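If you're wondering where the values come from, they're calculated on a predicted model, not measured in any experiment.
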Amino acid sequence: MAPPAPPPSRVFAELDLAPAPAQEERVGPPALPGREVHVSGSAELSALPDRARVSGRLQPCQPQRKRWNVATRAFQQEENITVTEDFSREENTYQMEAEVCITFSDFGKMQNVCNLLIEKLGTSVTINPPHFYHTPEAIDTLRRQVCVTAVGNTRRKAQEVCQLFGQALGKPLLIKEEETKEWGGHIDSHLSHSADSLTLQERIQNATAYASCRVFAVFEIKGKENRRSKLL
């Protein structure tokens, strides 16, 4: 008995012989439709205080009046200074009580001025510990920098993911700031002073501002890098 005839063969393929539409010449591999990489990235930055406010009080006797005038002239050119002199009468004499408040942006100059007051006036002058804080402009700068840094970290992460699979990173399709946080630091210059036992560096560190930002981004994925695109 003859074996049964084999079933007819089938070809599971189709050929499109229509000419492809002309495309403009472009440098680098084209982005493939529907192929995207979704990543998130974050950053955390800090900013030291940019202002310090120092206040002091003086209860001098008459011979120290000249020294007080010498000391005040030494810092009359500071950016923000307030000097208040109160006179009171006791029996047949007048007593003067003076208060000075200075805002510094140069902390080295601040220390020099405080040392000068103590050197000229001795124990008759009382210098309060400096109060460090941030101007609104410094906080705004910190916010911008942490956001830009987070976006840069997100892009680098997406680029490394694409390189892992031999692909090229395309243009961003979406960049979204998802979360921002701020802590530490002082913005208001009228906040209470820290404990007197803190050192100068501890006060600066205590007033340091911190900010963090998390970003979500979507990028195109281009085709594989080829030798021609690298040469171009």
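Looking only at side-chain heavy atoms (C-beta outward), His131 and Arg203 stay at 4.5 Å or farther from each other. Using a 4.5 Å cut-off on side-chain heavy atoms (C-beta onward), Ile118 and Leu116 make no contact. In this structure, the side chains of Cys213 and Val215 come closer than 4.5 Å at one or more pairs of heavy atoms. Proximity of Leu200 to Pro130: side-chain heavy atoms (C-beta onward) are separated by under 4.5 Å at one or more points. Taking 4.5 Å as the limit, every side-chain heavy atom of Val54 sits out of range of all side-chain heavy atoms of Cys101.
With values rounded to the nearest 0.5 angstrom, Thr135 atom OG1 is found 5.0 Å from Arg51 atom CZ. With values rounded to the nearest 0.5 angstrom, Arg35 atom CZ is found 11.0 Å from Glu220 atom CD. The CD1 atom of Ile204 sits 5.5 Å away from atom CZ of Phe107, with the distance rounded to the nearest 0.5 Å. Expressed to the nearest 0.5 Å, how far OG1 of Thr126 lies from CG of Leu117 amounts to 11.0 Å. Here the straight-line distance linking atom CE of Met110 with atom CD1 of Ile102 works out to 10.5 Å at 0.5 Å rounding.
Residue Ala47 comes nearest to Thr208 through the heavy atom pair O-CG2, 3.4 Å, listed as atom of the first residue, atom of the second, then distance. Looking at every heavy atom in both residues, Phe219 comes nearest to Val39 through CE1-CG2, 4.2 Å. Across Ala138 and Asp50, no two heavy atoms sit closer than the pair CB-OD2, 3.6 Å. Taking both residues in full, the closest heavy atoms of Ala43 and Ala150 are given as CB-N, 3.6 Å, listed atom of the first, atom of the second, then distance. Nearest heavy atoms, His38 versus Phe216: ND1-CZ, 3.7 Å.
In this view, Glu202 and Thr199 satisfy the side chain to side chain donor-acceptor pair (under 3.5 Å) rule, not counting sequence neighbours. Evaluation of the side chain to side chain donor-acceptor pair (under 3.5 Å) rule for Asn112 yields no partner, not counting sequence neighbours. The side chain to side chain donor-acceptor pair (under 3.5 Å) check on Glu44 picks up nothing, with sequence neighbours excluded. Evaluation of the side chain to side chain contact (heavy atoms under 4.5 Å, CB included) rule for Arg144 yields Asp140, Thr141 as partners, not counting sequence neighbours.
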Give the intermediate values and the outcome of side chain to side chain contact (heavy atoms under 4.5 Å, CB included) for residues Val218 and Val37. CA-CA 6 Å; Val218 178; Val37 56; over 6 Å; no
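Between Tyr210 and Trp183, the ring-plane angle classifies as parallel under the 30° and 60° cut-offs.
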Between side-chain atoms of residues 157-164 and protein atoms elsewhere (two or more places apart, or another chain), which donor-acceptor pairs fall under 3.5 Å?
{"residue": "Lys157", "atom": "NZ", "partner": "Ser40", "partner atom": "O", "Å": "2.5"}

Using atom types as modelled, flag every donor-acceptor pair under 3.5 Å from a side chain in residues 168-181 to any protein atom, sequence neighbours excluded.
{"residue": "Glu178", "atom": "OE1", "partner": "Arg214", "partner atom": "NE", "Å": "3.3"}
{"residue": "Glu179", "atom": "OE1", "partner": "Arg214", "partner atom": "NH1", "Å": "2.9"}

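By the 4.5 Å side-chain criterion applied to Ile, Leu, Val, Met, Phe, Trp and Tyr, Leu142 is assigned to a cluster that also includes Leu45, Val146.
Looking at Arg156 and Asn153, their side chains do bring a donor and an acceptor atom within 3.5 Å of each other.
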